[in-house]
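Just so you know, residue 1 is the first one in the sequence shown, and it goes up from there.
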Amino acid sequence: MSDSTPLAGAAAPGPGPGFADFGRLAHQYIDGRWRTGTGSWDIIDFNPFNGEKLAAITVATVSEVDEAYRAAERAQKPWAAAGPHARRTVLEKALRLTEEHAGEIVAAMCEEQGAIRSKARHEVELACEFLREAIRLTVRPEGVIVPASQRSRENRVYRLPAGVIGVISPFNFPFLVALKTVAPALALGNAVVVKPNQNTPVVGGGLIARIFEEAGLPAGLLNIVVTDIAEIGDALIAHPVPRVISFSGSDRVGRHVGAVAASHLKRTVLELSGNSALVVLADADLDYAVDAAVFSRFVYQGQVCMAANRILVDRAVEAEFTERFTARVRALRTGDPREPETDLGPVISDFQADALSAMVDRALAEGATALVRGRTLGNLVEPTVLSGLPADSPLLHQEIFGPVVLLVPFDGDEEAVRIANDTPYGLSGAVHTADAERGVNFAHRVETGMFHVNDSTVQDDPQVAFGGEKASGFGRLNGEATVEAFTTQKWISVQHGRTDFPF
């Protein structure tokens with residue numbers, strides 16, 4: 001957006017009472033009870049667009065984290081013993097409640113996340129798909145009979161719940177990421193303790209608790225602790241009860257989570273930072289590639305781990321693509337996320353807004369050119385398109401969590417693959433080409449956990465393994481990968497004859 005384009009929209013009233021009432025949901029939820037934390041300070045939940053105070057939540061202490069885990073531990077075994085059909089009934093009710101209250105959930109996302117309505121609606125719709133998959137997961141785990149070395153022995157391998165799962169969720173897709181871990185974990189017979197991001201404690205915490213509370217989930221199976229490392233240190237990770245820690249966030253924090261969990265012999269699923277490339281080959285449909293590139297970079301203001309930080313364009317079509325792309329970017333409207341004409345809402349905080357502005361200033365000082373230079377007004381950060389970065393620019397190799405995009409030219413597929421892989425991250429990516437098999441061949445050579453031909457870099461599917469390579473984490477979720485993540489296997493052998501022992 002150019003400096004002369006006005007910002008869209010004006011402030012609207014905050015959320016009122018109802019299913020997504022902030023006043024009710026801005027609490028700890030431990031052992032089936034809504035509680036006030038006993039910490040010495042409050043997390044203030046702000047609307048990132050207008051700065052309105054939505055709620056104040058007194059933080060949970062180490063003692064309350066322990067209470068949450070102990071409640072989960074007590075509740076988990078009876079829940080596992082209840083069987084898949086009892087678990088399925090609760091999840092079916094949770095799905096119906098989410099569908100019935102979708103409008104209120106969307107409104108809450110606009111308030112707390114700064115998400116535009118179309119993004120919020122998509123998040124809720126995808127969360128419903130994950131709930132449907134979780135319903136199917138209740139009856140999916142199967143035991144097997146494995147051939148034995150002795151004819152009279154029978155080997156049975158059972159798939160059992162892991163036990164208690166600790167979940168640390170992000171602010172950018174708080175409702176979806178919480179549900180895509182909580183729902184399958186419960187479906188498979190586990191109990192869960194969730195620490196939502198402190199920027200989205202209601203959408204990523206309280207709302208999830210209310211859905212399952214009203215769906216009839218027994219007390220203790222789902223606990224929400226709203227707190228911060230400044231209060232609890234590593235207690236959420238190091239506590240002896242949880243056997244699996246699922247974390248979504250930056251690689252810097254993820255490395256620490258992984259190290260602490262490993263020192264306590266816990267399994268982890270780490271979904272971390274990205275630096276995705278969307279690659280436009282010379283034979284691509286340029287109009288469609290522009291559409292995909294604009295969405296891949298600017299969905300939710302670019303605050304998405306899978307977002308395309310880098311748009312790589314073959315020099316044969318660089319000028320034409322750049323003209324079309326920059327025209328589309330200038331037309332994007334930044335403003336109130338609740339207004340239907342808004343394309344980009346605010347970034348999550350003034351700290352993030354300031355960091356993005358400083359990042360652009362450094363790139364320009366290094367010799368980059370701003371083809372589009374957006375303004376920063378409060379937490380509203382207009383889109384910026386940079387080109388001509390030096391090959392050694394740190395910006396080319398790091399995650400950019402905001403509406404700043406880098407255009408990088410290349411000559412031929414080999415150079416494009418080299419540039420795409422020239423990053424410590426390996427989460428997602430995309431390539432656009434008229435030849436789908438050429439695209440698949442290209443995808444095979446890019447070092448990522450996910451890659452998409454003729455589509456956006458931002459994709460998720462309940463039945464397809466989701467995760468990254470390199471510094472983008474390890475472990476996978478979704479479908480069978482979730483079964484692997486949240487269950488364990490137990491071998492029980494039965495000797496129907498007699499074993500001849502050597503002594």
Side-chain angles (χ1 to χ4, degrees), residues 30 59-73 76 159-171 173-174 177-186 188-198 204-205 221-274 305 399 424-427 449 465-478 481-490:
I30 300 173
V59 295
T61 62
V62 170
S63 175
E64 284 152 340
V65 170
D66 178 67
E67 288 182 56
Y69 274 133
R70 298 300 176 184
E73 185 179 38
Q76 187 270 322
R159 188 168 286 281
L160 305 173
V164 176
I165 314 296
V167 177
I168 305 171
S169 63
F171 74 83
F173 284 89
V177 172
L179 269 178
K180 72 179 285 187
T181 48
V182 168
L186 293 172
L188 294 165
N190 300 285
V192 190
V193 175
V194 179
K195 190 198 89 62
N197 188 281
Q198 65 186 53
L221 288 168
L222 172 61
N223 303 272
I224 308 294
V225 288
V226 182
T227 188
D228 186 81
I229 193 170
E231 177 70 30
I232 65 168
D234 290 328
L236 198 83
I237 311 163
H239 194 281
V241 165
R243 301 313 311 149
V244 180
I245 302 294
S246 178
F247 171 81
S248 296
S250 73
D251 65 302
R252 179 182 61 82
V253 178
R255 291 172 193 273
H256 179 75
V257 171
V260 174
S263 72
H264 292 272
L265 301 180
K266 300 178 190 291
R267 277 191 276 160
T268 54
V269 180
L270 303 177
E271 194 277 287
L272 309 178
S273 305
C305 56
E399 182 174 54
Y425 302 108
L427 187 57
F466 182 104
E469 298 293 332
K470 300 194 289 189
S472 290
F474 58 86
R476 298 289 188 270
L477 289 178
N478 302 0
T482 299
V483 177
E484 289 290 334
F486 295 155
T487 63
T488 189
Q489 296 184 76
K490 185 169 186 175

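Residues Ala191 and Ala72 share a closest heavy-atom pair of CB-O, 3.5 Å. Across every non-hydrogen atom of Glu469 and Gly449, the tightest pair is CG-N, 3.8 Å. Heavy atoms only, all atoms of each residue included: Ile224 and Pro196 are closest at CG2-CD, 3.9 Å. Between Leu188 and Pro161, the shortest heavy-atom contact is O-CG, 3.2 Å. Nearest heavy atom pair, residue Cys305 against residue Glu271, reads SG-OE2, 3.2 Å. The shortest heavy-atom contact between Ala471 and Asp251 is O-CB, 3.5 Å.
No side-chain heavy atom of Val226 sits under 4.5 Å from any side-chain heavy atom of Gln198. In this structure, the side chains of Val244 and Phe486 come closer than 4.5 Å at one or more pairs of heavy atoms. In this structure, Glu64 and Ile30 have side chains that are in contact, with non-hydrogen atoms separated by less than 4.5 Å. Between Ser248 and Ser169 the shortest side-chain heavy-atom distance does not fall below 4.5 Å. At a threshold of 4.5 Å between non-hydrogen side-chain atoms, the residues Thr181 and Val192 do not count as touching. Contact of the Arg243 side chain with the His264 side chain is not registered, since no non-hydrogen atoms from C-beta on lie closer than 4.5 Å. Annotation: side chain of Tyr69 is not in contact with side chain of Asn223 (no heavy-atom distance under 4.5 Å).
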Intermediate values then yes/no, salt bridge (Lys or Arg N to Asp or Glu O under 4.0 Å), Arg70 and Glu73: CA-CA 5 Å; Arg70 298 300 176 184; Glu73 185 179 38; 3.3 Å; yes

Trace of the side-chain contact (heavy atoms from CB on, under 4.5 Å) decision for Arg159 with Val483: CA-CA 9 Å; Arg159 188 168 286 281; Val483 177; 3.4 Å; yes

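Distance check, rounded to the nearest 0.5 Å: CG of Leu160 to CD of Gln489 gives 9.0 Å. Going from atom OG1 of Thr488 over to atom NZ of Lys490 covers 9.5 Å, rounded to the nearest 0.5 Å. To the nearest 0.5 angstrom, Leu272 atom CG is 9.5 Å from Glu399 atom CD. Note that NZ of Lys195 and CD1 of Ile237 are 9.5 Å apart. Values are rounded to the nearest 0.5 Å. From Leu236, atom CG reaches atom CG of Asp66 across 11.5 Å, with rounding to the nearest 0.5 Å.
Side chain of Gln76 to backbone of Gly189: a donor-acceptor contact under 3.5 angstrom is found. Looking only at distances, no side-chain donor or acceptor of Ser273 sits under 3.5 Å from a matching main-chain atom of Ser472. Put simply, the side chain of Asn190 gets close to the backbone of Gly163: a donor and an acceptor are under 3.5 Å apart.
Cation-pi geometry between Lys180 and Phe173 is not satisfied (NZ or CZ under 6.0 Å from the ring centre, within 45° of the ring normal).
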Using residues 252-262 as the side-chain source, report each donor-acceptor pair under 3.5 Å to any protein atom, sequence neighbours left out, with the distance given to one decimal.
unit_1	atom_1	unit_2	atom_2	d
His256	NE2	Asp234	OD1	2.8
His256	NE2	Asp234	OD2	3.2

